Amino acid sequence: MNPGRDNAEAQRAVLRARHTASQARMTAATKAYRKTLVREMFAQPVRDHAYRCIGRPVSLLRAGYLASLDELGLDQLRKSGFEVTVLTVDEDGPRFAGPAGTDSHAAEGKTVLGDLRTVPMPPRSFDIVHCALLLDRISHVELVLDRFIAALRPGGLLLLHIRDRDCAAGFLDRIAPQWVRRALWSRLNPGQPGPFRAVYEPAGSDRGIRAYTQLRGLVIARRETARTAAAGSGRAGQAVSAVRRLIPRLTRGRLTDAHDEVLYVIRKPEDRLARVV
């Protein structure tokens, strides 16, 4: 026996355990902050807009089942006496609706299975369009956005939650081979649907969305960024985090690791001839 070596091993084990616990706490805190940010970002504008619709139901278009209705505060609206109708459009159906206990009102309203580029959307028929974590995995982003805006009533809200292609995480997702993405996803996000296609059209990036709103005369009422921590505390998560931190140095700051998601509250002007100053 070598007491000195055994003591050193014990100290290293304690340090590893402390590091793992610290990483787990940081991940949990990041997830909690992100969830709170998203809810505060969207729920208040939805509630404010609902008061403008008093006397008729609030109509909402949800693009994709991964767009959680929980973050919009619809339960509180309904408890306050507001009537909210929801139309969900998705290619894959409710198998991606999320774990039990979420989206408690998702079954209410109508569900349409189809392509957002072609499925019928009556013009000026929705007060709110909610599209979350979808634009990075579809093509013809501008066409889809144009259809969203056409479906909104004047003064309506477009709530977007995107993964930004111009960041370290988006870059990794774009260049990684599919087999690598599948292997990492199974380790970092066990039991969750994915990985989805990594399309990342420039029009769906942060810069692309801001350029789009300017060209279409839309108003970004609020914009926030969020950084998601790599799920899990194993070697795969640590490796992904390390590469993400390295990419900004290699690209001289062109690709940031300060955020990987961007949220927008975008308003369609009531007057189609209104100019954005």
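This one's a predicted model, so the numbers in the text were calculated from it and none came from an experiment.
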Are H130 and F42 close enough that their ring centres sit under 6.0 Å apart?
yes
Would you compute the distance between atom OH of Y200 and atom CD1 of I138 and round it to the nearest 0.5 angstrom?
13.0 Å
Do I54 and V84 share a hydrophobic cluster (ILVMFWY, side-chain heavy atoms under 4.5 Å, transitive)?
yes
Will you find, in the side chains of S59 and D127, an N or O donor that is under 3.5 Å from an N or O acceptor?
yes
Does any donor atom in the side chain of Q178 or R181 lie under 3.5 Å from an acceptor atom in the other side chain?
yes
Applying the side chain to side chain donor-acceptor pair (under 3.5 Å) test to D206, which of R223, R163, H259 qualifies?
R223
Determine yes or no for a side-chain-to-main-chain donor-acceptor pair under 3.5 angstrom, with D260 supplying the side chain and T228 the backbone.
yes
Return the CG to OG1 distance between L263 and T225, rounded to the nearest 0.5 Å.
8.5 Å
Does Q192 offer a backbone N or O that forms a donor-acceptor pair with the side chain of W185 under 3.5 Å?
yes
Are Y51 and F82 near enough that their ring centres are under 6.0 Å apart?
yes
With sequence neighbours left out, what residues match R174 under salt bridge (charged side-chain N to carboxylate O under 4.0 Å, His left out)?
none
Are any non-hydrogen side-chain atoms of L152 and L157 less than 4.5 angstrom apart?
no
Would you call R197 and D173 a salt bridge, taking side-chain N to carboxylate O under 4.0 Å as the test?
no
Are T111 and Y65 linked by a side-chain donor-acceptor pair shorter than 3.5 Å?
yes
